[in-house]
Every structure is written in structure tokens, then in C-alpha cells.
Amino acid sequence: MSGEDFVQITSEKLSVEDVTKKVTSPTAGAISVFVGTTRDNFDGKKVVQLEYEAYKPMAEKEILKICQQVREKWKVEHIAVVHRIGIVPVTEASVIIAVSSAHRKEALEAVHYGIDALKTTVPIWKKEVYADGSNNWKENKECDWAVKG
């Protein structure tokens with residue numbers, strides 16, 4: 001099935017409605033959406049915001065590879081992956097993945113695969129900023145390049 005892939009790394013606030021519109025199709029019976037948001041705590045510390053950095057051309061290229069992998073595994077129509085960089089306050093979205101397909105199973109599985117693959121392969125770095133003024137660059141233990149030990 002041939003469809004469109006929309007990939008964007010942006011410093012703008014993300015909109016679930018805007019991303020969902022990118023994958024809407026009259027022939028799709030399902031649209032599945034994952035929204036990753038900033039929570040206000042981690043390991044007993046109060047988080048006030050996250051800060052993301054990425055080398056956009058490389059990150060976008062890796063996300064497009066994920067879109068291709070999704071298309072090889074499932075019959076989907078459109079795929080949209082949008083990741084925010086810069087400061088992301090508590091409750092706001094840092095990543096939105098939306099997939100449309102004729103049936104729900106493909107869209108649900110594709111979104112699940114998409115976020116897992118993004119976290120393991122895409123070079124986007126996250127810093128947690130805490131209420132006490134301290135901060136910590138987070139190692140994504142799921143990512144392929146993390147030191148295993």
C-alpha cells in the first residue's frame with residue numbers, strides 16, 4: 001500500500017489534531033495515535049521541563065527509515081512522526097506518532113513499533129530539568145548506542 005510519510009523535528013508546540021489530519025484518509029478505517037508528554041516527576045524528583053536536542057537531518061533520516069520498516073511489516077496508508085526539540089514544559093507533547101490503515105490492528109501495531117524504534121535508533125537527546133535547579137541528561141537505556149553494562 002502506498003501512502004505518504006510526514007516527518008518533522010520542530011521547536012514549535014505540537015498539536016495532536018494537526019498530526020492526525022496528516023494521516024486522515026477516506027479509505028482508512030483506523031487512525032492510531034501515540035502522544036509522549038512531559039510528566040512532572042522522575043525517581044522522586046519534581047520535573048519542571050524537558051529539553052531536547054537533535055541533529056535534525058540525521059534524526060529525520062532515521063525516522064524515515066522507521067516509516068519504511070513500518071510499511072514493510074504492515075499495510076498502512078499514511079504515517080506522521082513529529083518530535084519537538086527545545087524546551088517542553090510539563091503536560092506538553094514531545095512526540096506524536098499517527099498511522100492510518102484500513103483496519104485497527106495494523107495501525108495500533110505500527111504505532112507501537114514506531115515509538116519503540118524511535119527511542120532505540122533516532123539520535124534525539126533529552127535533559128530533565130528539576131524544581132531544585134539541577135538537571136540531568138538522560139541516557140535512553142533502550143537505544144542501540146547506549147553503553148550496556
Side-chain angles (χ1 to χ4, degrees), residues 1 3-23 28 30-101 103-131 134-149:
M1 182 174 291
E4 294 187 28
D5 299 335
F6 178 81
V7 172
Q8 183 180 34
I9 307 292
T10 181
S11 59
E12 301 297 317
K13 186 174 181 177
L14 304 186
S15 164
V16 174
E17 183 178 359
D18 290 347
V19 175
T20 302
K21 284 180 184 177
K22 299 281 187 200
V23 301
I31 295 174
S32 294
V33 180
F34 172 82
V35 182
T37 60
T38 301
R39 64 178 176 268
D40 69 357
N41 65 86
F42 182 79
D43 271 351
K45 291 185 175 182
K46 182 164 179 57
V47 175
V48 295
Q49 67 189 32
L50 298 179
E51 295 178 19
Y52 288 92
E53 289 186 9
Y55 177 58
K56 286 174 68 170
M58 183 182 289
E60 289 171 345
K61 183 178 175 182
E62 290 301 314
I63 294 170
L64 285 169
K65 287 181 187 177
I66 294 168
C67 293
Q68 181 59 40
Q69 292 165 2
V70 165
R71 292 188 180 285
E72 291 168 3
K73 295 174 182 295
W74 295 278
K75 290 183 179 180
V76 300
E77 290 199 24
H78 304 304
I79 303 169
V81 181
V82 182
H83 203 297
R84 188 167 170 186
I85 55 174
I87 295 171
V88 183
V90 170
T91 73
E92 291 188 14
S94 55
V95 61
I96 301 174
I97 300 176
V99 177
S100 60
S101 64
H103 304 284
R104 71 181 176 272
K105 185 175 194 247
E106 290 86 357
L108 287 166
E109 290 176 358
V111 166
H112 186 214
Y113 176 87
I115 189 59
D116 286 352
L118 185 146
K119 290 183 71 72
T120 60
T121 64
V122 179
I124 297 175
W125 302 278
K126 175 175 75 173
K127 178 170 71 173
E128 289 182 341
V129 179
Y130 306 109
S134 65
N135 63 69
N136 187 25
W137 283 100
K138 302 301 289 185
E139 175 185 311
N140 186 348
K141 292 175 177 46
E142 299 169 350
C143 70
D144 290 342
W145 62 84
V147 177
K148 309 284 189 224

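Computed from a predicted structure; not experimentally measured. Scope of the values below: all heavy atoms of this structure, side chains included, with no hydrogens, waters or symmetry mates.
Between V81 and I66 there is no side-chain heavy-atom pair separated by less than 4.5 Å.
In this structure, NZ on K126 lies 10.0 Å from CG on N136, to the nearest 0.5 angstrom. The distance from the CZ atom of F6 to the CD1 atom of I63 is 11.0 Å, given to the nearest 0.5 Å. Note that the CD atom of E77 and the CZ atom of R71 stand 9.0 Å from one another [nearest 0.5 Å]. How far CD1 of I31 is from OG1 of T20: 6.5 Å, rounded to the nearest 0.5 Å. Here L50 contributes atom CG and N135 contributes atom CG; the two are 11.5 Å apart, rounded to the nearest 0.5 Å.
With S11 contributing its side chain and G86 its backbone, the two residues share no donor-acceptor pair below 3.5 Å. Checking side-chain atoms of S100 against main-chain N and O of H78 turns up a donor-acceptor pair under 3.5 Å. The main-chain N or O of S94 is found under 3.5 Å from a side-chain atom of H83 such that the two form a donor-acceptor pair. Using modelled atom types, no side-chain atom of S134 and backbone atom of Y130 make a donor-acceptor pair closer than 3.5 Å.
The number of heavy atoms from other shown groups lying within 6.0 Å of CD (E4) does not exceed 12.
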Open item on the list: Please determine whether side chain to side chain contact (heavy atoms under 4.5 Å, CB included) holds for the pair D5 and V70, giving the CA-CA distance in whole Å, both sets of side-chain angles, and the decisive distance to 0.1 Å.
Closed with: CA-CA 11 Å; D5 299 335; V70 165; over 6 Å; no
- [ ] Step by step, work out the salt bridge (Lys or Arg N to Asp or Glu O under 4.0 Å) result for E128 and K45.
- [x] CA-CA 10 Å; E128 289 182 341; K45 291 185 175 182; over 6 Å; no
Open item on the list: Using side chain to side chain contact (heavy atoms under 4.5 Å, CB included), reason through D18 and V82 one step at a time and then give a plain yes or no.
Closed with: CA-CA 10 Å; D18 290 347; V82 182; over 6 Å; no
Open item on the list: side chain to side chain contact (heavy atoms under 4.5 Å, CB included), that's the test. Do I115 and V95 meet it? Break it down for me.
Closed with: CA-CA 9 Å; I115 189 59; V95 61; 4.1 Å; yes
Task: side chain to side chain contact (heavy atoms under 4.5 Å, CB included) between L14 and V19, worked out - done: CA-CA 8 Å; L14 304 186; V19 175; 5.7 Å; no
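A salt bridge does not link K73 with E109: every distance from a Lys NZ or Arg NE/NH1/NH2 to an Asp or Glu carboxylate oxygen is 4.0 Å or more.
Taking each heavy atom of N41 and V47 in turn, the nearest pair found is C-CG2, 3.7 Å. Of all heavy-atom pairs spanning Y113 and W74, the tightest one is CB-CH2, 3.5 Å. Across every non-hydrogen atom of A110 and V99, the tightest pair is CB-CG1, 3.9 Å. Across every non-hydrogen atom of V76 and S101, the tightest pair is CA-CB, 4.0 Å. Counting all heavy atoms, side chain and backbone alike, I97 lies closest to G114 at CD1-C, 3.7 Å. Here the shortest heavy-atom pairing between A54 and I85 reads CB-CG2, 4.0 Å.
Annotation: salt bridge (Lys or Arg N to Asp or Glu O under 4.0 Å) contacts involving residues 51-62, sequence neighbours excluded, comprise E51-K127, E62-K65.
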